[in-house]
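A short write-up of the structure that comes next.
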Amino acid sequence: MTYNHREIEKKWQRYWEENKTFKTDTESDKPKYYVLDMFPYPSGAGLHVGHPEGYTATDILARMKRMQGYEVLHPMGWDAFGLPAERYAMKTGNDPRVFTNKNIDNFRRQLKSLGFSYDWDREINTTDPEYYKWTQWIFIQLFKKGLAYMAEVPVNWCPDLGTVLANEEVIDGKSEWGHPVIRKPMRQWMLKITEYAERLLKDLDKLDWPENIKEMQRNWIGKSEGAEITFRIDGHDETITVFSTRPDTLFGATYLVLAPEHALVDQITTPDRREAVEAYRRSIESKSDLERTELSKEKTGVFTGAYAINPVNGEKLPIWIADYVLATYGSGAIMAVPAHDERDWEFAKKFDLPIRVVVKGGDVDREAYTGDGEHVNSDFLNGLNKEEAINRMIEWLEENGVGRRKVTYRLRDWLFSRQRYWGEPIPILHLEDGTIKPIPEDQLPLELPEMDEIKPSGTGESPLANNEEWVNTVDPETGMKARRETNTMPQWAGSCWYYLRYIDPHNKERLADPEKLKKWLPVDVYIGGAEHAVLHLLYARFWHKVLYDLGVVPTDEPFQRLYNPGMILGENNEKMSKSKGNVVNPDDIVESHGADTLRVYEMFMGPLEASAPWSTDGLDGARRFLDRIWRLYVGEDGKLDAKIKPEAAVDPGFEKTYHQTVKKVTEDYENVRFNTAISQMMVFINEAYKQKEIPKSFAEGFVKLLSPVAPHIAEELWEIMGNEPPVSLATWPTYDPDKLVEDEVEVVIQVNGKVRSKVTLPADASKEAMEKAALDDEVIKEWLAGKTVRKVITVPGKLVNIVAN
RNA sequence: GCCAGUGUGGCGGAAUUGGCAGACGCGCACGACUCAAAAUCGUGUUCCUUUUAGGAGUGUGGGUUCGACUCCCACCACUGGCACCA
């Protein structure tokens with residue numbers, strides 16, 4: 001009987017579903033194991049072969065841990081708000097709910113066809129009012145803590161379409177249909193993630209994450225330490241505060257630069273410079289952020305006519321404006337030290353401003369010197385090195401009340417509102433007296449109203465603004481007329497806390513039961529794409545810390561261990577895409593080769609974190625491996641093959657291979673090295689083929705090892721062996737360390753570092769015995785003929801190296 | 001430009017307290033089975049040479065060491081992230 005994947009896979013998927021084999025009992029006494037996938041956006045295109053890579057990895061861990069006696073939480077859900085559904089609704093006039101639910105049904109069908117061991121009773125959907133009720137609740141807590149506020153922020157406004165576009169919808173300053181897009185300031189919700197910058201940075205050290213992801217987050221947060229320095233402005237009462245990481249170079253400052261948007265520019269500009277300054281600012285405003293950075297090779301700027309006073313020596317420094325100074329970082333103003341800062345150096349060269357050396361070591365005629373060195377021309381800093389001088393200067397600034405030690409972060413507050421329909425409504429009322437307040441928590445969820453037509457409001461507000469009935473309301477507490485917030489939340493919102501809801505998905509009273517959260521947090525292993533390395537993972541960590549401060553969750557970090565699966569490329573080594581025609585659809589593979597083959601293949605391609613091209617031949621190889629297993633176990637009659645028997649004569653070599661296999665596969669799964677685990681299982685099968693008889697206990701142990709990767713065939717073989725299903729809940733096999741110990745080892749003999757001979761010796765042979773065996777070896781004697789032995793290095797149980805000349 | 005990562009056969013990849021480079025799979029070649037083919041089973045497969053053997057070899061060049069894919073220095077290439085962040 002041949003291996004019929006279509007029949008077997010359907011049979012066991014039905015069995016698992018009917019028996020609720022993978023249901024999690026969150027109140028069980030067993031130790032917990034929480035293994036989580038990044039939940040997908042259910043796109044119309046369906047599952048991509050990239051999805052099953054990460055999902056199989058988590059599934060292997062979930063299945064092994066279950067068999068090892070853990071209570072495993074392994075859930076799945078849908079990150080279902082998002083732009084494609086909104087655009088579909090605008091184009092077709094259909095409700096995005098219908099479209100989204102159709103896509104979800106398709107995704108769920110596909111995931112089930114791959115045999116993942118999710119507890120489907122915990123499925124969540126970010127667009128479900130019972131779910132986003134709590135997303136809104138968290139927003140209200142953020143608002144109450146002062147972490148959500150409104151600010152004027154520029155958006156991509158497209159007048160022709162009457163709508164605001166996302167950054168990715170703007171191509172070369174135009175909409176995808178070629179309409180012009182301009183930057184327009186709008187009142188928007190911001191979340192004060194910057195208040196958590198230091199904790200988000202520091203706590204990275206506690207996480208078992210890939211170092212590159214942590215580094216990306218560190219760079220994103222961008223901590224820099226330095227000082228704030230206050231400059232008086234000649235002839236004005238106002239002062240300018242600058243941030244510098246090099247306060248030690250204050251004696252080398254020769255001018256100041258403000259960002260063109262800096263609030264003081266209008267006040268300090270002298271009449272004769274006004275025209276030039278206005279013209280420069282206008283030229284900046286018409287540029288997008290992108291243009292400003294792209295055209296940045298050449299420094300631009302104008303003199304304001306005003307002068308600042310250097311607090312340390314009373315010198316008058318001209319104040320310029322230039323777009324190389326960013327309004328959004330630090331205080332939007334800098335002191336320029338052209339001798340020791342590359343950007344200032346370029347600017348000074350271009351505008352012929354003085355360059356004064358205060359640190360010895362470079363050649364400032366050629367370039368700025370940013371390294372360490374002895375300070376000169378710097379009064380009380382002369383002779384000091386960089387670190388000493390920085391500290392001494394900060395002391396001086398603080399003593400004289402003109403500055404202080406200061407830490408600045410590159411991280412900006414999170415722009416949290418979207419001018420969209422298909423997102424969580426922000427639960428805020430704008431009262432007629434101009435105040436804002438959250439809607440009472442007992443009135444949550446604030447449901448997204450169904451609308452006959454979803455079209456741009458024309459004002460830049462979301463399509464919700466068209467719905468007068470919904471927008472205009474009355475504050476139930478004061479009776480005042482009120483307007484609902486028409487902005488909705490970004491897609492990140494729902495994914496910031498979904499891992500909490502899985503723990504207690506049907507709780508009507510609260511986000512989740514605190515006792516359950518206490519047992520189940522943190523997530524033990526989290527697997528998902530590296531494209532979320534910064535934003536999703538940083539936002540989720542931020543919300544988690546806020547919830548920790550509120551006492552809602554018991555841990556200060558959500559995800560302990562993290563892995564990012566690499567990308568599966570097309571057969572031609574390029575990214576899979578429709579236009580290149582190299583996309584592989586998992587449905588087709590499940591049909592032709594089977595889900596188990598797809599799972600084995602994707603795990604065998606290479607390390608989980610590496611990208612690799614799809615290979616049809618490789619896929620066939622995975623199938624061949626499963627066929628080989630099948631033929632080893634199942635005879636022509638469909639019954640267990642006669643050579644697998646309870647009382648079999650065991651070859652000692654094969655016995656050792658079995659125990660090695662149990663050990664290696666268990667350790668490799670635990671450490672997410674699935675490719676080498678599979679290769680070890682192949683070694684076992686190759687050995688098994690050479691045996692006349694195979695002990696049934698080995699055959700059973702092997703099926704258990706196989707079951708996390710290829711669960712359907714494993715269940716079938718388990719049943720054919722006469723065992724009670726499911727193997728998915730059987731006990732994980734163990735190995736006997738004594739069976740792994742070698743009596744004899746092959747010792748390598750080298751002459752001058754080159755392998756010349758080998759000799760078999762007892763594993764515990766002494767150094768002297770090994771040396772003697774080496775020198776007595778016939779081949780070695782020939783190599784040593786005519787030479788004098790200078791030295792012999794012996795590594796017990798491994799090798800002997802003879803140095804001779 | 002800056003930061004991080006990677007670089008091993010025809011291909012995907014193994015091997016790390018420094019100790020036999022190339023496990024396992026793919027592909028290819030040969031053999032068995034077959035009227036034949038497919039499938040299957042078996043053998044071989046880093047390269048070079050004058051092939052019972054020897055030499056070279058883990059991106060390039062140098063170094064440390066009895067011994068380096070592994071450690072150090074410099075460089076090159078590719079991938080990812082950031083991009084005037086003071």
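In what follows, every chain begins at residue 1, and chains take the letters A, B, ... in the order their sequences are listed.
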Figure out the [atom1]/[atom2] separation between [X] and [N], and round it to whole Å.
{"X": "A/E211", "N": "B/C3", "atom1": "CD", "atom2": "C1'", "result": "12 Å"}
{"X": "A/E346", "N": "B/G1", "atom1": "CD", "atom2": "P", "result": "13 Å"}
{"X": "A/N572", "N": "B/C11", "atom1": "CG", "atom2": "P", "result": "17 Å"}
{"X": "A/R410", "N": "B/C2", "atom1": "CZ", "atom2": "C1'", "result": "12 Å"}
{"X": "A/R218", "N": "B/G80", "atom1": "CZ", "atom2": "C1'", "result": "17 Å"}
{"X": "A/D248", "N": "B/A86", "atom1": "CG", "atom2": "C1'", "result": "13 Å"}
{"X": "A/H532", "N": "B/G81", "atom1": "NE2", "atom2": "P", "result": "13 Å"}
{"X": "A/E342", "N": "B/C2", "atom1": "CD", "atom2": "P", "result": "9 Å"}

Protein and nucleotides 73-75 of chain B: nitrogen or oxygen contacts under 3.5 angstrom:
none

Please confirm whether the ring centroid of [X] lies under 6.0 Å from the ring centroid of [Y].
{"X": "A/F684", "Y": "A/F698", "result": "no"}
{"X": "A/Y601", "Y": "A/W614", "result": "yes"}
{"X": "A/F347", "Y": "A/F351", "result": "yes"}

Salt bridge (Lys or Arg N to Asp or Glu O under 4.0 Å): pairs with one or both residues in residues 672-686 of chain A, sequence neighbours excluded: A/D668-A/R673
Sequence neighbours left out, what pairs pass salt bridge (Lys or Arg N to Asp or Glu O under 4.0 Å) with at least one residue falling in residues 792-805 of chain A? none
With sequence neighbours left out, the residues meeting salt bridge (Lys or Arg N to Asp or Glu O under 4.0 Å) with A/R246 are A/D248
So which heavy atom on [X] is nearest to which on [Y], and how close?
{"X": "A/I568", "Y": "A/G50", "result": "CD1-CA, 4.3 Å"}
{"X": "A/V257", "Y": "A/A336", "result": "CG2-CB, 4.4 Å"}
{"X": "A/Q691", "Y": "A/I694", "result": "CB-CG1, 4.1 Å"}
{"X": "A/N564", "Y": "A/I213", "result": "OD1-CD1, 3.0 Å"}

Distance, [atom1] atom - from [M] to [N], rounded to whole angstrom:
{"N": "B/G7", "M": "B/G59", "atom1": "C1'", "answer": "6 Å"}
{"N": "B/U58", "M": "B/G13", "atom1": "C1'", "answer": "13 Å"}
{"N": "B/G62", "M": "B/A15", "atom1": "C1'", "answer": "26 Å"}
{"N": "B/C41", "M": "B/C73", "atom1": "P", "answer": "50 Å"}
{"N": "B/G9", "M": "B/A23", "atom1": "C1'", "answer": "14 Å"}
{"N": "B/C66", "M": "B/U49", "atom1": "C1'", "answer": "29 Å"}
{"N": "B/C28", "M": "B/A21", "atom1": "C1'", "answer": "22 Å"}
{"N": "B/G67", "M": "B/A14", "atom1": "P", "answer": "29 Å"}

Check: protein-nucleotides 50-57 of chain B nitrogen or oxygen pairs below 3.5 Å:
residue : atom : partner : partner atom : Å
B/G55   : OP1  : A/R756  : NH2          : 3.4
B/G55   : OP2  : A/R756  : NH1          : 3.1

Under the side-chain hydrogen bond (donor to acceptor under 3.5 Å, both in side chains) definition, can you give me all pairs with a residue in residues 325-342 of chain A, not counting sequence neighbours? A/S224-A/Y329, A/T328-A/R412, A/D341-A/R343
Taking only residues at least two apart or on different chains, which pairs with a member in residues 748-764 of chain A satisfy side-chain hydrogen bond (donor to acceptor under 3.5 Å, both in side chains)? A/S757-A/D777
Out of B/C66, B/A83, B/G27, minimum distance to the side chain of A/D617 belongs to B/G27
Among B/C82, B/C84, B/C24, which nucleotide has an atom closest to any side-chain atom of A/D323? B/C84
Touch class at under 4.0 angstrom, heavy-atom based, for A/S224 against every strand present: sugar-phosphate
Residue mapping more 5' on RNA chain B - nearest nucleotide basis, A/N212 or A/K575: A/N212
By nearest-heavy-atom nucleotide on RNA chain B, the more 5' of A/M605 and A/V534 is A/M605
Of the residues in residues 328-336 of chain A, which ones touch RNA chain B at a heavy-atom distance under 4.0 Å? A/Y329, A/I334
Would you say the side chains of A/T194 and A/Y409 form a donor-acceptor pair under 3.5 Å? no
Tell me if B/G44 is syn or anti. Syn = glycosidic torsion within 90° of 0, anti otherwise. anti
Charged N to carboxylate O under 4.0 angstrom, [X] versus [Y]?
{"X": "A/K299", "Y": "A/E346", "value": "yes"}
{"X": "A/K772", "Y": "A/E768", "value": "no"}
{"X": "A/E198", "Y": "A/K223", "value": "yes"}

Identify the residue among A/T304, A/I321, A/I240, A/I334 that makes a side-chain contact (heavy atoms from CB on, under 4.5 Å) with A/L256. A/I240
Check for me whether A/K643 meets the cation-pi criterion with A/Y689, that is, NZ or CZ under 6.0 Å from the six-membered ring centre and within 45 degrees of the ring axis. yes
Charged tip of A/R561 within 45° of A/W209 ring normal and under 6.0 Å: no
Those residues at least two apart in sequence (or on a different chain) that pass side-chain hydrogen bond (donor to acceptor under 3.5 Å, both in side chains) with A/D205 are A/R218
Taking only N/O atoms, report every protein-nucleotides 39-48 of chain B pair under 3.5 Å with atom names and distance.
residue : atom : partner : partner atom : Å
B/U40   : O3'  : A/R631  : NH2          : 3.0
B/C41   : OP1  : A/R628  : NH1          : 2.8
B/C41   : OP1  : A/R631  : NH2          : 3.2

What does the list of N/O pairs under 3.5 Å between the protein and nucleotides 14-21 of chain B look like, with a distance for each?
residue : atom : partner : partner atom : Å
B/A14   : OP1  : A/N675  : ND2          : 3.0
B/G19   : N2   : A/Q750  : OE1          : 3.3
B/C20   : O2   : A/K758  : NZ           : 2.6

What does the 5'-to-3' dot-bracket notation of RNA chain B look like when only Watson-Crick and G-U wobble pairs under 3.5 Å count, and pairs to other strands show as |? (((((((..(((......[....)))((((((.......))))))((((...))))..(((((..]....))))))))))))....
